[in-house]
Amino acid sequence: MSVTILGIESSCDDTAAAVIEDGSLLSNVVAGQHIHKQYGGVVPELASRAHQQNIIPVVDVALSHAGKKPNELNAIAFTRGPGLIGALLVGSSFAKGLSLALNVPIIDVNHLHAHILSLFLHRKKEHKPVPEFPFLCLLISGGHTQLVIVKDYLEMEIIGRTIDDAAGEAFDKCAKIMDLPYPGGPLIDAFAREGNPHAFTFGKPVIKGLDFSFSGLKTSFLYFLRDQLLLDVNFLENNLKDLCASLQHSIIEILLSKLLRATDETGIKEIALAGGVSANSGLREALLKLGQKQGWKVFFPEVQYATDNAAMIALTGYHKFLHGETACYAVTPVARFEQL
Ligand code: KG4
Ligand code: ZN
C-alpha cells in the first residue's frame with residue numbers, strides 16, 4: 001500500500017501545500033505574500049490574514065496537481081513551529097479540521113528539521129545525489145543559523161548556533177540599510193554578482209567555538225555607510241554592487257570559517273547547506289571551491305526547495321508517519337524550538 005501525505009506550511013509569509021507519495025513529490029504549491037514589501041519586513045497580522053485567504057485554494061491546487069482526492073490522503077503534516085504564532089495557527093487549525101473531516105492523523109513538523117530534509121526532495125523517477133548519514137548541515141534561514149550533525153532522517157544534533165542575528169537577517173537588515181525592499185537576500189545576491197567582493201571590508205566577529213554572530217557585521221556596515229554618505233551623498237548609488245558583493249563576501253567568510261572548524265572537530269566530510277540563504281549563488285560557489293580543496297562531498301537543496309515550501313514539510317511528515325510519530329489534537333503551535 002502506498003503512503004500519501006499532504007504537507008502544509010504557514011510559518012512566515014508563504015502559504016504552501018504539497019503532496020508526497022512514498023517519498024516522491026507529486027505537487028508543490030507556494031503562494032507568496034507581496035503585501036509585506038512596502039513595510040520592509042513581515043507584518044505578522046497581515047501574514048495571518050493572507051494565510052487565511054490563501055490556504056484553501058493552495059491546498060486545493062496541490063491536491064489537483066498531484067491527481068489526488070482528499071480521501072486518498074493517509075495523513076496531514078503541518079508546520080508546528082518555529083514561526084509567527086498567528087501564521088502557524090492558520091496552518092495547524094486547517095490541518096486539524098481537515099484531518100477530523102477525513103479521519104486521518106495529523107503530524108506536527110519542526111520547520112527547521114524540514115529544511116534539512118529538503119536535501120532529499122525528488123520527484124518520481126528522479127534520481128539525484130543525496131548526502132550519506134551522518135552529514136554536517138549548515139542551516140541558514142531568515143530566523144536561524146545552525147550547524148547540525150544529521151544522523152538520520154529523524155535524528156539530529158545542533159552543535160552551533162547564532163548568538164544574535166541569523167544569516168538571513170544579516171542580508172535582510174543590511175538590504176534595508178541600503179533602502180532595498182524585503183527580502184533583501186536575493187537582491188544582494190543579484191547585485192553582488194556584478195560587484196567587487198574586496199572593495200570594502202567590515203568588522204569580523206570573534207566568537208568562541210561553533211557559534212555565530214552577525215550583529216557586529218550589521219553595525220559595522222551601518223556605520224561605514226553612514227560615514228561614506230557624509231562624504232558623498234551619491235556613495236550608495238555609485239557603489240551599490242560593490243557594497244553588496246563585499247557584504248556578501250563577509251557573510252560567506254563567517255559561515256564557511258565555522259563550517260571548516262566544525263568539519264575539523266567532527267571529522268565529517270559530507271557537507272550540506274539548507275534554508276533560504278542556501279539559495280545564495282556566491283555561497284554555493286564558495287562552498288564548492290572550499291569543498292574541492294578540503295576533499296568534501298557537498299550538497300545543496302534545489303533552489304526552489306531552499307526557501308520556504310510545503311514539500312519539505314510533507315517529506316518530514318512522511319518519515320515521521322513511517323515511524324508512527326503522529327500527533328494528538330492538543331498539539332499547539334510554538335514560536336520557538338530549542339531542539340530539532
Ligand atoms: O528559509 P527561508 O525561506 O525562511 C525562513 O525560514 O526564515 O529563508 C528566508 C531568508 C531571507 O532572509 C532571505 O533574504 C534569504 O532567506 N534568502 C537569500 C537568498 N534567497 C533567500 N539570502 C541570500 N541569497 C539568496 N539568494
Ligand atoms: Zn524557512
Side-chain angles (χ1 to χ4, degrees), residues 7-16 18 28 30-33 36-37 40-42 44 47 78-84 87-88 91 109-119 121 137-146 148 161-162 165-178 180-193 195 197 212 214 217-218 244-245 247-252 254-256 272-287 300-313 315-316 334-337 340:
I8 293 172
E9 154 63 28
S10 70
S11 64
C12 190
D13 58 343
D14 290 302
T15 318
N28 184 32
V30 183
Q33 302 179 357
H36 308 288
K37 264 202 175 103
V42 178
F78 66 96
T79 305
R80 183 177 178 210
L84 304 168
L88 291 164
V109 171
N110 178 331
H111 180 87
L112 300 173
H113 180 175
H115 265 304
I116 294 176
L117 294 200
S118 70
L119 287 152
L121 280 168
C137 185
L138 177 60
L139 172 59
I140 34 183
S141 70
H144 294 79
T145 296
Q146 296 176 342
V148 183
R161 44 164 52 96
T162 182
D165 290 350
E169 261 176 302
F171 274 106
D172 296 339
K173 287 180 177 171
C174 291
K176 198 168 177 184
I177 293 169
M178 292 187 284
L180 296 174
Y182 176 86
L187 287 170
I188 291 179
D189 188 358
F191 285 125
R193 264 177 243 148
F212 300 85
F214 290 97
L217 170 65
K218 175 191 64 191
C244 288
L247 172 71
Q248 182 170 297
H249 178 74
S250 300
I251 296 173
I252 292 172
I254 296 172
L255 291 171
L256 294 190
L273 295 182
V277 180
S278 76
N280 187 270
S281 61
L283 175 61
R284 287 180 176 223
E285 267 171 43
L287 178 58
F300 312 114
E302 270 178 50
V303 170
Q304 58 172 326
Y305 307 139
T307 47
D308 286 351
N309 64 82
M312 63 187 196
I313 306 299
L315 183 62
T316 310
V334 282
R336 291 179 172 276
F337 259 119
L340 281 168

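What you see is a predicted model, and the numbers here were worked out from it, not measured in a lab. Just follow the structure's listing: the first ligand is 1, and inside any ligand the first atom is 1.
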Inset, instruction - Can you figure out which of Asn309, Val30, Asp308, Asp172 has its heavy atom closest to atom 2 (P) of ligand 1? - result: Asp308

Legend entry - Sub-4.0 Å atoms of ligand 1 with respect to non-hydrogen atoms of Gly185: 14 (O), 18 (C), 19 (C), 22 (N), 23 (C), 24 (N), 25 (C)

Inset, instruction - Calculate, to the nearest 0.5 Å, the distance between atoms CG and OG1 belonging to Leu139 and Thr145 respectively. - result: 7.5 Å

Legend entry - Proximity winner for atom 9 (C) of ligand 1, if only heavy atoms of Gly142, Ala167, Gly83 are counted: Gly142

Inset, instruction - State, with a plain yes or no, whether a side-chain heavy atom of Leu121 is found less than 4.5 Å away from one of Pro301. - result: no

Legend entry - Flag side-chain contact, heavy atom, 4.5 Å: Arg80 against Val334: yes

Legend entry - Ion pair check, Arg193 and Asp189, cut-off under 4.0 Å: yes

Legend entry - Spatial distance of atom CG (Asn110) from atom CD1 (Ile313) [nearest 0.5 Å]: 8.5 Å

Inset, instruction - For Gly168, counting its heavy atoms only, list the atoms of ligand 1 lying under 4.0 Å from any of them. - result: 12 (O)

Inset, instruction - Look only at the side chain of Asp14 and the backbone of Cys12, and say whether a donor-acceptor pair between them is shorter than 3.5 Å. - result: no

Legend entry - Atom name of the N, O or S atom in Asp308 that lies nearest to the Zn ion (ligand 2): OD1

Legend entry - For Thr307, atoms of ligand 1 separated by under 4.0 Å from a heavy atom: 3 (O), 21 (C)

Inset, instruction - Could you say whether the N/O atoms of Glu169 and ligand 1 ever approach to under 3.5 Å? - result: no

Inset, instruction - Starting from atom 26 (N) of ligand 1, locate the nearest protein heavy atom and write down its residue, its atom name and how far away it is, to 0.1 Å. - result: Asp189 OD2, 2.9 Å

Legend entry - Numbering as shown, the atoms of ligand 1 that approach Pro183 to under 4.0 Å (heavy-atom distance): 14 (O)

Legend entry - Residue pair Leu217 / Ile251, side-chain heavy-atom distance below 4.5 Å: yes

Legend entry - Nitrogen or oxygen of Gly275 less than 3.5 angstrom from that of ligand 1: no

Legend entry - Any Pro82 side-chain heavy atom under 4.5 Å of Leu88 side chain: no

Inset, instruction - Output the distance between atom CG (Leu84) and atom CG (Asp13), rounded to the nearest 0.5 Å. - result: 8.0 Å

Legend entry - Proximal atoms of ligand 1 relative to Gly143 (non-hydrogen, under 4.0 Å): 7 (O)

Legend entry - N, O or S atom of His144 closer to the Zn ion (ligand 2) than 2.8 Å: no

Legend entry - Taking atom 23 (C) of ligand 1 as the reference point, the nearest protein heavy atom with its distance: Asn280 ND2, 3.4 Å

Legend entry - Which residue and heavy atom of the protein sit nearest atom 15 (C) of ligand 1, plus the separation: Val277 CG2, 3.9 Å

Legend entry - Gap between atom CG of Leu138 and atom CZ of Phe212 - 0.5 Å precision: 5.0 Å

Inset, instruction - Using non-hydrogen atoms of the residue, decide whether His144 is closer than 4.0 angstrom to ligand 1. - result: no

Legend entry - Numbered atoms and elements of ligand 1 in range of His111, under 4.0 angstrom, heavy atoms: 6 (O)

Legend entry - Nitrogen or oxygen atoms of Ser281 and ligand 1 under 3.5 Å apart: no

Legend entry - Residue selection (non-hydrogen contact nearest atom 16 (O) of ligand 1) among Gly276, Ala274, Ala306, Ala279: Gly276

Legend entry - Heavy atom of Pro186, distance to ligand 1 below 4.0 Å: yes

Inset, instruction - Any chance you could measure Gln146, atom CD, to Ser141, atom OG, to the nearest 0.5 Å? - result: 8.0 Å

Inset, instruction - State the SG-CG distance between Cys137 and Leu340, to the nearest 0.5 angstrom. - result: 9.5 Å

Inset, instruction - For the Zn ion (ligand 2), find the closest N/O/S atom on His111 and give its atom name. - result: NE2

